[in-house]
Peer 1: 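Sharing a structure, written as structure tokens. Questions coming.
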Protein chains: 2
Amino acid sequence: MNTQKVTIADVAKRAGVSKGLVSFALNDRPGVSPETRTRILAVAGDLGWKPSLRARSLSTRRSFALGLVVARNPEVLGSDPFFPSFIAGVESILSDRGQALVLSVVPSEEAEIRSYRQLVDDGRVDGVFLTDLRHDDPRIPLLTELGLPAVTLGRPDGPSPFPAVSIDDTPGIAESVAYLARLGHRRIAHIAGSSTMLHGTRRRDAFEAALCTAGLPLGQTIETDFSVAAGSDATRRLLTREDAPTAIVYANDPMAIAGLGVAHELGIRVPDELSITGFDDIDFSRYVYPPLTTVSATPVVWGRAAATTLLALIETGAADDVNLPAARLIIRGSAAAPAHTRKSAT
Amino acid sequence: MNTQKVTIADVAKRAGVSKGLVSFALNDRPGVSPETRTRILAVAGDLGWKPSLRARSLSTRRSFALGLVVARNPEVLGSDPFFPSFIAGVESILSDRGQALVLSVVPSEEAEIRSYRQLVDDGRVDGVFLTDLRHDDPRIPLLTELGLPAVTLGRPDGPSPFPAVSIDDTPGIAESVAYLARLGHRRIAHIAGSSTMLHGTRRRDAFEAALCTAGLPLGQTIETDFSVAAGSDATRRLLTREDAPTAIVYANDPMAIAGLGVAHELGIRVPDELSITGFDDIDFSRYVYPPLTTVSATPVVWGRAAATTLLALIETGAADDVNLPAARLIIRGSAAAPAHTRKSAT
DNA sequence: CTGAAAGCGCTTACAG
DNA sequence: CTGAAAGCGCTTACAG
């Protein structure tokens with residue numbers, strides 16, 4: 001209950017020094033003799049002094065907080081565990097360093113821009129995480145103009161003054177396609193994410209490149225917004241066609257799980273009559289039936305790395321890009337040799 | 001780029017008044033003539049003055065931010081869309097009121113307590129949301145001691161000085177059981193959430209009461225931690241028993257979806273041979289097959305109400321409890337008459 | 001209705 | 001190595 005009662009002045013008086021010196025001792029700055037420093041710190045401890053963050057903020061013009069503004073629509077936000085995990089990773093770094101996370105969830109791109117401006121106008125944060133990178137992402141020039149440090153998750157497609165923390169998702173898609181091709185599939189489709197998102201396009205490009213590598217004809221691709229609903233619709237369209245694919249590579253797990261539902265509904269057995277692969281390895285993926293063959297993702301690791309990088313950037317003014325281990329294929333039960341291959345093998 | 005350059009002193013000088021008066025005008029306090037106020041505000045507008053939140057924080061001892069600390073384990077956090085939606089609801093209120101949300105995700109109960117203490121030591125927030133209420137929740141005495149305003153989601157089982165914003169989930173469970181009983185089920189089991197959580201116990205109690213109302217014998221109940229993995233295990237245990245139930249009422253959708261997977265794996269058809277119901281109506285629930293009969297939840301509405309209440313409490317020092325509309329049963333495809341009933345009906 | 005001053009609790013040149 | 005003072009940009013009694 002005594003909290004916030006004792007101030008730097010109390011410590012100074014009790015230690016018989018000036019407030020300035022207490023501040024120097026606290027911040028480990030040169031100009032205080034070791035003995036004096038020790039004495040000051042001891043007095044501070046005795047008194048239970050907790051330096052006021054608000055006062056420090058005012059004089060240092062720092063907020064000791066990092067920001068994350070999320071502009072996903074509520075549905076895809078809810079069915080995708082990326083953010084909870086990413087945030088858990090971020091927090092594991094921040095909590096030990098006395099930093100806080102300010103989270104903003106906004107419904108539109110306009111609201112997103114307003115949110116960033118508000119954050120800097122209010123001096124709420126010292127830097128932000130840029131997730132879900134888009135093509136020619138408007139946030140990069142915006143933050144540059146605002147002078148707010150940032151770290152991007154993945155490398156932007158335009159010029160960027162910010163360090164990037166990346167996980168290459170190309171190998172995961174490539175492995176998925178190669179695996180399906182090896183099983184004997186020739187009509188492989190892709191249910192892609194939004195083409196406004198960098199990772200939507202990148203996974204799609206990886207899919208097409210992998211098809212090419214495997215010597216397979218170009219497959220059908222349907223673009224979605226990454227939502228469960230869109231994944232469901234796209235699957236239905238694909239499966240009710242004349243030349244329905246025998247395998248579908250999904251750009252994320254939630255859509256793949258929805259696809260599983262559609263297949264069940266249509267009486268198409270997975271993996272016997274249809275193979276599917278996902279992306280992200282969300283918790284659900286191993287508990288649906290059949291368990292989903294998918295690509296691992298490590299959002300917690302990404303969160304830690306991004307937080308570490310952003311903090312370094314803020315403190316030192318510079319930080320290197322970091323490349324995290326690529327996502328890999330995890331083979332479970334949702335893919336198998338296509339029906340005709342099986343028949344001819346019998 | 002001019003941001004944060006112009007201060008209250010500039011406005012005062014330009015308007016020919018004292019800083020104090022500018023402050024009064026800004027805060028709509030009595031003691032400024034209408035003309036003067038208008039003139040001051042006009043000057044402020046011209047100059048593009050944005051009052052410094054940091055300076056206001058220091059002198060008012062307020063942070064203009066609200067806190068949410070989440071202590072769920074990463075898995076259940078990720079598969080349950082409650083938090084993203086709840087937060088979206090909270091933000092929709094906060095953003096218009098110049099408030100920010102500081103989010104803390106912690107791995108343990110000790111870390112949780114430390115997090116709250118840190119939040120008040122640093123004066124990061126003016127109040128917090130208490131979610132996932134537990135029995136004899138230690139956070140209530142803790143926050144009382146710390147003097148931090150809070151709002152609870154649901155009513156605690158012990159004494160609490162804080163307003164509660166509640167959604168009664170009892171009717172939803174009661175309706176689920178009544179519906180299954182009406183379909184002809186007599187062996188209905190419950191896969192419950194954690195008994196340390198108030199909503200885990202409450203749903204379980206509602207289940208047992210509903211069974212009683214329906215004149216059915218006490219069903220089997222298995223307690224879990226609400227996770228997908230636990231829901232899967234519990235379902236397997238139930239279905240491989242001699243006296244396997246013909247229907248299962250799950251305490252949340254993620255577990256019900258895992259249950260669907262187990263049933264598929266065991267070759268038990270849903271709903272023909274097994275009926276299941278969920279709780280929460282998460283986005284996935286309508287896209288699995290068969291689509292899940294479940295109970296609606298409105299986390300966004302809950303978020304708005306909780307934010308409104310907490311802000312009222314902080315500003316006026318008091319706020320009333322609020323009761324939101326109860327969750328209701330949503331009938332989809334995962335429940336039907338039990339197999340033997342069907343047979344005898346043929 | 002208005003002004004001048006002190007205060008919120010730190011940090012940071014500037015002297016010594 | 002140390003002290004006294006000014007400053008960060010607001011708010012808030014206190015006088016008039």
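Lettering follows sequence order; numbering is per chain, from 1. Both backbone and side-chain heavy atoms feed into the values below; hydrogens, waters and symmetry mates do not. Everything numeric in this text was worked out from a predicted model, so none of it was measured.
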Peer 1: Quick one: does any side-chain atom of A/Arg54 pair with a main-chain N or O of B/Gly123 as donor and acceptor, under 3.5 Å?
Peer 2: yes

Peer 1: Mind checking B/Val22 for me? I need base, sugar-phosphate or nothing, with any heavy atom below 4.0 Å counting as a touch.
Peer 2: nothing

Peer 1: With a cut-off of under 6.0 Å to the ring centre and 45° to the axis, is B/Arg139 in cation-pi contact with B/Tyr116?
Peer 2: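 No, cation not above the ring by the 6.0 Å, 45° rule.
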
Peer 1: Do any side-chain nitrogens or oxygens of B/Arg37 fall under 4.0 Å of OP1 or OP2 in C/dC1?
Peer 2: no

Peer 1: In the structure I gave you, are the side-chain heavy atoms of A/Leu101 and A/Leu68 within less than 4.5 Å of one another anywhere?
Peer 2: yes

Peer 1: Of the listed nucleotides (C/dG9, D/dA4, D/dT12), which one gets closest to any side-chain atom of A/Ser52?
Peer 2: C/dG9

Peer 1: Hey, which of these two, B/Leu21 or B/Ser59, hits DNA chain C nearer its 5' end, going by closest nucleotide?
Peer 2: B/Leu21

Peer 1: Check the phosphate of D/dC8 against A/Arg54, side-chain N and O only, distance under 4.0 Å to OP1 or OP2. Yes or no?
Peer 2: no

Peer 1: Only Watson-Crick and G-U wobble pairs, only distances under 3.5 Å, only runs of 3 or more: what stems does that leave for DNA chain C?
Peer 2: C:1-3 with D:14-16, C:5-12 with D:5-12, C:14-16 with D:1-3

Peer 1: 5'-most contact on DNA chain D: A/Lys19 or A/Arg39, nearest heavy atom basis?
Peer 2: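 Of the two residues, A/Arg39 wins.
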
Peer 1: When you check the phosphate oxygens OP1 and OP2 of D/dT2, does a side-chain N or O of A/Thr36 lie under 4.0 Å from one of them?
Peer 2: yes

Peer 1: Please check this pair: side chain of A/Ser18 against backbone of A/Leu21, looking for a donor-acceptor N/O pair closer than 3.5 Å.
Peer 2: yes

Peer 1: With the side chain counted from C-beta on, respond yes when B/Asn323 and B/Val165 share a heavy-atom pair under 4.5 Å apart, and no when they do not.
Peer 2: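 Heavy-atom side-chain distance check fails, nothing below 4.5 Å.
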
Peer 1: For B/Ile40 and D/dC10, what is the distance between atoms CD1 and P respectively, to the nearest whole Å?
Peer 2: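 Nearest whole value for this atom pair: 14 Å.
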
Peer 1: Touch check for B/Leu58, heavy atoms < 4.0 angstrom, all strands: base, sugar-phosphate only, or nothing?
Peer 2: base

Peer 1: For B/Ile8 and C/dA5, give me the distance from atom CD1 to atom P, rounded to whole Å.
Peer 2: 16 Å

Peer 1: Does D/dT11 have OP1 or OP2 under 4.0 Å away from a side-chain N or O of B/Arg56?
Peer 2: yes

Peer 1: Under 4.0 Å between a side-chain N/O of A/Arg61 and OP1 or OP2 of D/dG9, yes or no?
Peer 2: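 Checking A/Arg61 against D/dG9: at least one side-chain N or O falls below 4.0 Å of OP1 or OP2.
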
Peer 1: Of the options A/Ile40, A/Val32, A/Thr36, which is the one that meets A/Phe24 in a side chain to side chain contact (heavy atoms under 4.5 Å, CB included)?
Peer 2: A/Val32

Peer 1: Taking only side-chain N and O atoms of A/Arg29, does any of them lie within less than 4.0 angstrom of OP1 or OP2 on C/dT12?
Peer 2: yes

Peer 1: Could you measure the distance from the CD atom of A/Gln118 to the OG atom of B/Ser95? Nearest 0.5 Å is fine.
Peer 2: 9.0 Å

Peer 1: Of the options C/dT11, C/dG3, D/dA4, whose atoms approach the side-chain atoms of A/Asn27 most closely?
Peer 2: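 For the A/Asn27 side chain, the nearest candidate turns out to be C/dT11.
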
Peer 1: Do side-chain atoms of B/Asn73 reach the backbone of B/Val76 as a donor and acceptor pair under 3.5 angstrom?
Peer 2: yes

Peer 1: What nucleic acid atoms does A/Thr60 come within less than 4.0 Å of, heavy atoms only: base, sugar-phosphate, or nothing?
Peer 2: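 Sugar-phosphate: the residue A/Thr60, judged by heavy atoms under 4.0 Å, touches backbone atoms but no base.
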
Peer 1: Output the rounded distance in Å from CG (B/Leu53) to P (D/dT11).
Peer 2: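 It is 10 Å, rounded to the nearest whole Å.
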
Peer 1: Any side-chain N or O of A/Ser33 less than 4.0 Å from the OP1 or OP2 oxygen of D/dT2?
Peer 2: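 Indeed, a polar side-chain atom of A/Ser33 lies that close.
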
Peer 1: Check whether any side-chain N or O of A/Trp49 sits under 4.0 Å from OP1 or OP2 of C/dC10, and answer yes or no.
Peer 2: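 Result: yes.
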
Peer 1: In whole angstrom, give the distance that lies between atom CG of B/Asp121 and atom P of C/dG9.
Peer 2: 15 Å

